[in-house]
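Notes follow the structure.
Letters A, B, ... mirror the listed sequences (proteins, then strands); counts begin at 1. We use all heavy atoms of the structure for the numbers below, so side chains are in, but hydrogens, waters and symmetry mates are not. Being a predicted model, the structure only gives us computed values, none of them experimental.
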Amino acid sequence: MEPREIKLPSRCGWEFFIWMMENGQWSVAYRPLRRKEAKMSQQIQERYEDTQLYKIRHSTAHVMAQAVMEMFPDGKPTIGPPVENGFYYDFDLPRNLTPEDLEAIEKRMRQIVQGKHEFKKTVISAEEAKKIFANQPYKLELIEGLEKGGMDEYGNPLKEKPEISIYQQDTFTDLCRGPHVQTTKEIKQDAFKLMSIAGAYWRGDENNKMLQRIYGTAWESKDQLKEYLNQLEEAKKRDHRKLGKDLEIFIFDEEVGPGLPLWLPNGGIIIEELEKLAKELEEKAGYSRVRTPNITKEDLFLRSGHLPYYAESMYPPMELEGVKYYIKPMNCPMHHKIFGAKGRSYRDLPIRLAEYGTCYRYEKSGELFGLMRVRSMQMNDAHIYCGEDQFEQEFMGVIDLYKKYFDLFGIDKYVMRLSLHSKQGLGKKYVDNEPLWVKTEDMVRRAMNNGGVPYVEREDEAAFYGPKIDVQIWSAIGREFSLATNQVDFAVPPRFDLKFTNKEGVDEIPLCIHRAPLSTHERMVGFLLEHYAGNFPVWLSPEQVRVISITDAQNEYVEKIAAELRENGIRAHADLSASRMNAKIRQAQLMKVPYMVVVGDNEMQAGQVSLRVRDGSQENNISLADFIVRVKDRISRRASEL
RNA sequence: GCCGACAUAGCUCAAUCGGCAGAGCAUCCGCCUUGUAAGCGGAAGGUUACGAGUUCAAUUCUCGUUGUCGGCUCCA
């Protein structure tokens, strides 16, 4: 797999879809809109709306709503848009739905679809609409929004005042801008499926009432549906939670606590390798390593601004001798202290302080997700202190580091996101200094544009202290996460009174860049497990070689080989179990060991080995010395080939 | 945190209507001495997540707790 640059039109407002490079082809993925994203989505929704798939999904959602409303005449429908791979519809219902309800609804939908009902559009006035939906409070709220000059169904402002239209099919009428298929005939009764029931807040706001959402998938044909369901099954096999268990990478234990992974020896090896890699590259890039404690006094986090802005994500304090101590959610305040520990000259800058620090964040219980979202994490953290004139070079130096890592891992399915502040979040989520926000956001924009690095912009996703470039990736089951991050901090250095003496002999406040190109160990290993589907390259494989005897007559020889491999810095084990060779090979394959060295009487006599590679290929009667050269080469180059 | 579902041996999963908790793999012990994805036999393995309740009787029904999963919200 060749790493490629993601070709994204920058700053074009195309955020609804994601360009992805897969198997050498550009593809477009549609996925559920989050409230914040919706406002930037207009242009692309147009495009998706043009597709037959969009119309089918949208219309299937209406058919489902009809079935649900027949079942619950007192229910209140809300909105039901097409999303990636399907659609959903949110309802406020008198009782909770059960899986049996879903079956009944699906069955009824198949009947409705076969009725060949027409989807009839009528443009109406707000007054008429209010009459039609008089007993539908959510629809009335939507109509109000439309009437007032444009608020879409997610509660975001629209550019122009839209027309109000309704769509009717069979017995069901919905407030809807369309488009839809002509008749239900275009919805194939064997090409859709209801997938799950979920809770969802009205308009995505956790202060609002929780509605019941039904997710469905819909396609143009039965085969397409089958293929999609197949893909879901395949994705499950790649899920890092399953692979992590099968390959003995990590476990969670109820008694230890949720979101607190225990790394097994195999996971420990992967982490060691990642750290080695990071230290190598960071040393070359001029970083220095520091180490800081896991708990600190309250004062530090008050000064840093974590307590006002980040307290929700922090573990509650422990109190000793009347002093409160917090466990750290980030390393930055301590690095700031190190920077400020002595006088700094512009000649010293930039100063780059790195630490694989362990941090703890109190993530809400429902947000935890395997290794991808945990409460204890070790960050590939560093803070770069520089003058404003050095900013661009330093910021892009970090982006270069990203690229090196992504090339090495063959990561090519990601999107860089410029995460901006939001006006309404100032003083709450974000430090209250709008001019500096605007200024630093421009600085990042300029740097990225000058560097020719494509990115998308997203409002209300910044860190509390400044804008950032996040690298967005998707888990096997399609959830989006920020992997690497590169953040500007204009807010905290002055709070710590950080300064350096510039050329004119005047004190100046440095900018700080927070960066984590390798994310956290937790998220990185989770991601890599899925990225490689457990088939790690040799250098990352917990066990690189398994030496297999055919009968126990070779056991001694096999042990000698394993020992020699280990002498050469190769992670090798001998399988001396009473199993047959076939079973030993199967075990090694299941554990995704890259090399299996097989030894029987023939090899022992000739002083050679036979090699079976993880991909199933074989090379018989090769010399151990040659094999060792090969493995050492792969390891030293961190090569992806076996 | 919110809505919903689920929790049975180390792992993957059975157990009819409330009536003595079962299989495969892994483990241990034998036998087999084997040529590139599971050789055969035997043994052992359980307070059915935890705590209450209903019942003559609870894996099964009810409530609570913990955890996991699908979403929402939130994020490295």
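- Of the side-chain N and O atoms in A:Asn96, one or more sit less than 4.0 angstrom from OP1 or OP2 of B:G4.
- Atom pair A:Lys364:NZ and B:C75:P shows a separation of 9 Å (rounding to whole Å applied).
- The ring pair (Phe, Tyr, Trp, His ring centres under 6.0 Å) with A:His521 is formed by just one residue from the set A:Phe527, A:Tyr356, A:Trp263; it is A:Tyr356.
- When both pairing distances are held under 3.5 Å, B:C2 makes a Watson-Crick or G-U pair with B:G71.
- Contact annotation: A:Arg612 reaches the phosphate of B:A37 (side-chain N/O to OP1 or OP2, under 4.0 Å).
- What separates CG of A:Asn582 from P of B:U36 is a distance of 6 Å, to the nearest Å.
- For the C1' atom pair drawn from B:A15 and B:U60, the interatomic distance equals 10 Å after rounding to whole Å.
- Screening A:Tyr310, A:Tyr326, A:Phe301, A:Tyr362 for a ring pair (Phe, Tyr, Trp, His ring centres under 6.0 Å) involving A:Tyr315 leaves a single residue, A:Tyr362.
- Nearer the 5' end of RNA chain B, as judged by each residue's closest nucleotide, is the contact made by A:Tyr362, out of A:Gly257 and A:Tyr362.
- Proximity of A:Arg373 to the phosphate of B:A76: no side-chain N or O atom is located under 4.0 Å from OP1 or OP2.
- The pair A:Glu282-A:Arg289 meets the salt-bridge criterion, since a charged nitrogen lies less than 4.0 angstrom from a carboxylate oxygen.
- Residue contacts for A:Asp246: at a heavy-atom cut-off of 4.0 Å it reaches no nucleic acid atom on any strand shown.
- Separation of the C1' atoms belonging to B:C13 and B:A9 is 11 Å when rounded to the nearest angstrom.
- Note on A:Arg361 versus A:Glu367: no salt bridge recorded, every NZ/NE/NH1/NH2 to OD/OE distance being 4.0 Å or above.
- Cation-pi geometry between A:Arg479 and A:Phe369 is met: under 6.0 angstrom from the ring centre, within 45 degrees of the axis.
- Following rounding to the nearest Å, A:Tyr402 (OH) and B:A76 (P) show an atom-to-atom distance of 11 Å.
- You'll find that the side chain of A:Asn620 is closest to B:U36, out of B:C75, B:U33, B:U36.
- Using a 4.0 Å heavy-atom distance criterion, A:Ile548 is classed as making no nucleic acid contact.
- Tested against A:Glu355, the residues A:Arg515, A:Arg291, A:Lys328 include a single salt bridge (Lys or Arg N to Asp or Glu O under 4.0 Å) partner, A:Lys328.
- Rounded to whole Å, the distance from CD on A:Gln587 to C1' on B:U27 is 12 Å.
- For the P atoms, the distance from B:C75 to B:U16 is 46 Å, rounded to whole Å.
- B:C2 sits 33 Å from B:C11 when the C1' atoms are compared, rounded to a whole Å.
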Inset, instruction - In sequence, state the C-alpha distance, the side-chain angles, and the governing distance for A:Met372 and A:His240, and then conclude on side chain to side chain contact (heavy atoms under 4.5 Å, CB included). - result: CA-CA 9 Å; A:Met372 303 296 256; A:His240 76 279; 3.3 Å; yes

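- Comparing B:U48 with B:U8, their C1' atoms sit 4 Å apart, to the nearest whole Å.
- Cation-pi geometry between A:Arg57 and A:Phe87 is not met: the NZ or CZ atom fails to fall both under 6.0 Å from the ring centre and inside 45° of the normal.
- Distances were taken from every side-chain heavy atom of A:Glu367 (C-beta onward) to each of B:G70, B:C74, B:U36; the shortest belongs to B:C74.
- Listed pair A:Tyr215 / B:C72 meets the phosphate criterion, a side-chain N or O lying under 4.0 Å from OP1 or OP2.
- The interatomic distance linking A:Arg523 (CZ) with B:C75 (C1') rounds to 6 Å, in whole Å.
- Counting non-hydrogen atoms under 4.0 angstrom, A:Ile477 reaches the backbone sugars and phosphates but no base.
- Residue A:Thr98 is out of contact with every strand shown, counting any heavy-atom pair closer than 4.0 Å.
- As judged by a 4.0 angstrom heavy-atom cut-off over every strand, A:Asn602 is placed among the base-contacting residues.
- The phosphate of B:A76 (OP1 or OP2) has a side-chain N or O of A:Lys468 nearer than 4.0 angstrom.
- Residue contacts for A:Arg479: at a heavy-atom cut-off of 4.0 Å it reaches the sugar-phosphate backbone alone, with no base atom in range.
- Rounded to an integer number of Å, the gap from CZ of A:Phe91 to C1' of B:G4 is 16 Å.
- A:Arg361 comes within 4.0 angstrom of a base, heavy atoms only.
- In this structure, A:Arg241 places its CZ atom 13 Å from P of B:U12, rounding to the nearest Å.
- Within 4.0 Å (heavy atoms only), A:Glu603 reaches at least one base atom of the nucleic acid.
- Base pairing analysis places B:G39 opposite B:C31; the two distances defining the Watson-Crick or G-U wobble pair are each below 3.5 Å.
- For A:Met581, the side-chain atoms get nearest to B:G35 when compared with the rest of B:G35, B:G70, B:A76.
- B:A7 is paired with B:U66 under the Watson-Crick or G-U wobble criterion, all donor-acceptor distances under 3.5 Å.
- At the heavy-atom level, A:Ala583 lies under 4.0 Å from the strands shown only through sugar-phosphate atoms.
- Listed nucleotides B:G70, B:A38, B:C75 differ in distance to A:Ala198; the shortest reach to its side chain belongs to B:G70.
- Comparing atom distances between the A:Arg580 side chain and each of B:C75, B:C32, B:A76 picks out B:C32 as nearest.
- At the phosphate of B:A76, neither OP1 nor OP2 sits under 4.0 Å from any side-chain N or O atom of A:Thr485.
- For A:Met210, the listed nucleotide lying nearest its side chain is B:C3; candidates were B:G70, B:G1, B:C3.
- The listed nucleotides are B:C72, B:G35, B:G1; the one nearest the side chain of A:Ser365 is B:G1.
- Under a 4.0 Å N-O distance rule, the pair A:Glu275/A:Lys279 qualifies as a salt bridge.
- A:Arg203 has no side-chain polar atom (N or O) that falls below the 4.0 Å cut-off from OP1 or OP2 of B:U73.
- Taking the ring axis of A:Tyr360 as reference, the NZ or CZ atom of A:Arg375 does not stay both within 45° of it and closer than 6.0 Å to the ring centre.
- For A:Ile550, counting side-chain heavy atoms from C-beta on, the closest listed nucleotide (B:G35, B:C3, B:A76) is B:G35.
- Residue A:Arg614 places no side-chain N or O under 4.0 Å from the OP1 or OP2 atom of B:U36.
- Figure legend. B:G46 is base-paired to no nucleotide; pairs are counted as Watson-Crick or G-U wobble with both atom distances under 3.5 Å.
- Under the Watson-Crick or G-U wobble criterion, with both distances below 3.5 Å, B:G19 is paired with B:C56.
- Out of B:C72, B:A76, B:U36, the shortest distance to the side chain of A:Thr520 is found at B:A76.
- Note on A:Lys245: a side-chain N or O is less than 4.0 Å away from OP1 or OP2 of B:U12.
- Of the two residues near RNA chain B, A:Ile585 and A:Met379, the one whose nearest nucleotide lies more 5' is A:Ile585.
- Computed from coordinates, the A:Leu102 CG to B:G70 C1' distance equals 12 Å when rounded to whole Å.
- On the C1' atoms, B:A49 is 12 Å away from B:U59, given to the nearest whole Å.
- For A:Tyr201, the side-chain atoms get nearest to B:C72 when compared with the rest of B:G67, B:U36, B:C72.
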